[in-house]
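Order of the sequence lines fixes the chain letters, A, B, ..., with proteins taken first and strands second; residue numbering starts at 1 for each chain.
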Amino acid sequence: MTSFEQPNFKNHFAELLKLAASKIVTSDSNARIELTRTKQANHGDYSCNLAMQLAKPLRKNPREIAALLIEALPDSPYLEKVEIAGAGFINLFLKVSAKQRIIANIFQNSNQFGHSDAQNDKKIQIEFVSANPTGPLHVGHGRGAAFGASLANLLSAVGYSVSREYYVNDAGRQMDILTLSTWLRYLELHGITIPFPSNAYQGKYVRDMAHLIKQAHTDRYVHQSEFLLQDMPLPNQDGVIDLEAQLNKLIANSKEILGQDYAYIHNFVLTEQLGDCRNDLMEFGVVFENWFSEQSLFDNGLVAHAVELLEKKNYLYHQDGASWFRSSDFGDEKDRVVQRENGQFTYFASDIAYHLNKFERGFDLVIDVWGADHHGYIPRVKGAIQALEMDPEKLEVALVQFAVLYRDGRKVPMSTRSGEFVTLRELRNEVGKDAARFFYVMRKSDQHLDFDLDLAKSQSNENPVYYIQYAHARVCSVLSQWNEDVATLHDINTESLTSPMELALLQKLIDFPDIIESAAKEYAPHVIAFYLRDLASEFHSYYNATRFLVPEIPIRLARLALIASTRQVLCNGLALLGVSAPEKM
RNA sequence: GUGCCCGUAGCUCAAUUGGAUAGAGCACCAGCCUUCUAAGCUGGGGGUUACAGGUUCGAUCCCUGUCGGGCACACCA
């Protein structure tokens, strides 16, 4: 068998139809040539609705146009026949020999099969997770992580040069609260007890960090409590205590008392949490090229710079002592504060600077993966980008809905406030990395996800992860019993593969590159999950109906080549989702 | 109240972005292991795509309205 370029029959036929159309349409009809895979075998392998699209501009019967198109269609070595059907569909039938050649192609490209260089190394950045480093990641972050990582793999597979980035919110008040919380726990360890604020961080990990500081520095950061509690805000005339104001005062006092040491504790807790987060994600198979510090934007004057730019371009005004950005000029529902009365920049201000910085780094496209609750934030960020005379089209925001855990058919209660949340690490420990990665992306990302813990753990046919992995393991098992070098299958004769099941499986393998392409285009990893389910199903049927290790050598080898290439595609698809492909189960 | 998202089989979800008879899994029923892993396979029932209109050759998809659910409406991050 001669080697040949990776064929994409869909694109190939689209090209032929385009040529045919150019012969019968003189003016630009702006008709899109779109081929779709057919659902029914008697409709052929690919179908095109071009004739129906041209019916109006040409003022002709679609079936008539279809006939003209077919007449003008250039010859193709892959085409068995063409038919007109229904209202004017053009149905294309692939030659069996063309289908069989996919096997050689899969072996040739091995773990790159399905990948393309269509995007020609265009620079794309995808920012995801970006959770505050103030505590362990929880299951909500997990979905963003799984989605972002899979999407990044998909984008890379279609030829983008991908940069994965985690935006570290190390500058805000939340970090101060964590610093204070840790120091209070540390003081407790030295017998100095101050009522622990209810709105400070309650988690056990805070006590753990306090222990670490004590171990390393004994009583170096101990100070007496009366200083810490001085000038606390009092209840108002209604007896209501402003807890947030109290917390702010505690933070301010501790900064004063600790002096330079405050920065040490701040840095310590940040490093601890970030390290934990990085480790957690690594074990989840999620890695980043870049961890971008929000604080660095302040340190380098980029926040002030961004705000000045807006000022210069007359998109700021001053009211009630604050600086407002005219985001309502760009479709936002109201204007937004970028600098407060006390001179502090808002989170939005640093986010403008961050996006300005992203664009200045020269990415062709920037993707932000956010929780769906942030959707209201999009207009102001895009507005700022536009105000700074950059192209808002170059920013794509992918929203990910929350995941709700179910155990024993009941919702697992979760709320950050009560500290009652399931961490990503706990989830991984319970269901394993593979099930977690797969379940997170098996639904469309903008849909709520019901995550069934019992199902994810079950080792049964109900569990889609095992179903797919099992198909892979089965192939491995057959090949190991065959006990010869798989490489010898790479260029064997596959003419005997003509049964309906074999043809269906071949067609499924042919689809893989198109599946990757559309999944990447739509930012839809779930498409891969569904595809793998289908492919595994096709394989299991074949496995059940066919014996592979038959005495007739040519048939045996052809069948083994088919299942070995199926294994390759299963493996490539699972890799895109960050799921392992075990050889034994 | 305003804006965005959603409503598809008993349950969880798809549907190549306007295409042909709306598909999978689970659950339910009936079969298949002396044979390469039964974590598998084969067959079956199950639908007014929330509802009412509209646009056109053609609508789950686009437009309008109604009902129901989620989210967001900070000088928080």
Closest nucleotide among C73(B), A77(B), C36(B) to the Tyr377(A) side chain: A77(B)
Rounded to whole angstrom, note down the P distance from G10(B) over to G47(B). 7 Å
Return the stacking result for U37(B) and Tyr470(A): yes when the ring centres lie under 5.5 Å apart and the planes under 30°, no otherwise. no
Scan Met52(A) against the nucleic acid and name what it touches under 4.0 Å (heavy atoms): base, sugar-phosphate only, or nothing. base
Phosphate contact (U12(B) OP1 or OP2) by Gln447(A) side-chain N/O below 4.0 Å: no
Does C13(B) have its OP1 or OP2 closer than 4.0 Å to a side-chain nitrogen or oxygen of Arg533(A)? no
Check the chi torsion on C33(B) and let me know: syn if it falls within 90° of 0, anti if not. syn
Should stems be defined as at least three consecutive Watson-Crick or G-U pairs with both distances under 3.5 angstrom, which of them involve RNA chain B? B:1-7 with B:67-73, B:10-13 with B:23-26, B:28-32 with B:40-44, B:50-54 with B:62-66
Tell me every residue that passes side-chain contact (heavy atoms from CB on, under 4.5 Å) with Ile70(A), counting only those two or more places apart in sequence or in another chain. Val82(A), Ile84(A), Ile90(A)
So, OP1 or OP2 of A15(B): does either fall under 4.0 Å of a side-chain N or O from His526(A)? yes
Answer yes or no: does a side-chain N or O of Tyr466(A) lie under 4.0 Å from OP1 or OP2 of G25(B)? no
Side chain of Ser537(A), base of A24(B): donor and acceptor closer than 3.5 Å? no
Residue pair Glu430(A), Arg407(A): steps toward the salt bridge (charged side-chain N to carboxylate O under 4.0 Å, His left out) verdict: CA-CA 12 Å; Glu430(A) 183 168 348; Arg407(A) 192 196 304 280; 2.6 Å; yes
Residue list, salt bridge (Lys or Arg N to Asp or Glu O under 4.0 Å) with Asp170(A), at least two apart or on another chain: none
Atom-to-atom span, CG of Asp373(A) to C1' of C6(B) - whole angstrom: 16 Å
Rounded to whole Å, please give me the gap between NZ in Lys334(A) and C1' in G1(B). 16 Å
Using the rule for Phe, Tyr, His and the six-membered ring of Trp, do Phe530(A) and A24(B) stack at under 5.5 Å and under 30°? no
Nearest-angstrom distance from the residue atom CZ of Phe439(A) to C1' of G25(B): 11 Å
Grab the CG-P distance between Asp450(A) and G70(B) for me, whole Å please. 14 Å
Can a donor-acceptor pair under 3.5 Å be found between the side-chain atoms of Asp170(A) and the base atoms of A77(B)? no
Cation-pi geometry met for Arg474(A) and Tyr543(A) (6.0 Å, 45°): yes
Does the ring of Tyr467(A) carry Arg533(A) above it, NZ/CZ under 6.0 angstrom from centre and within 45° of its axis? yes
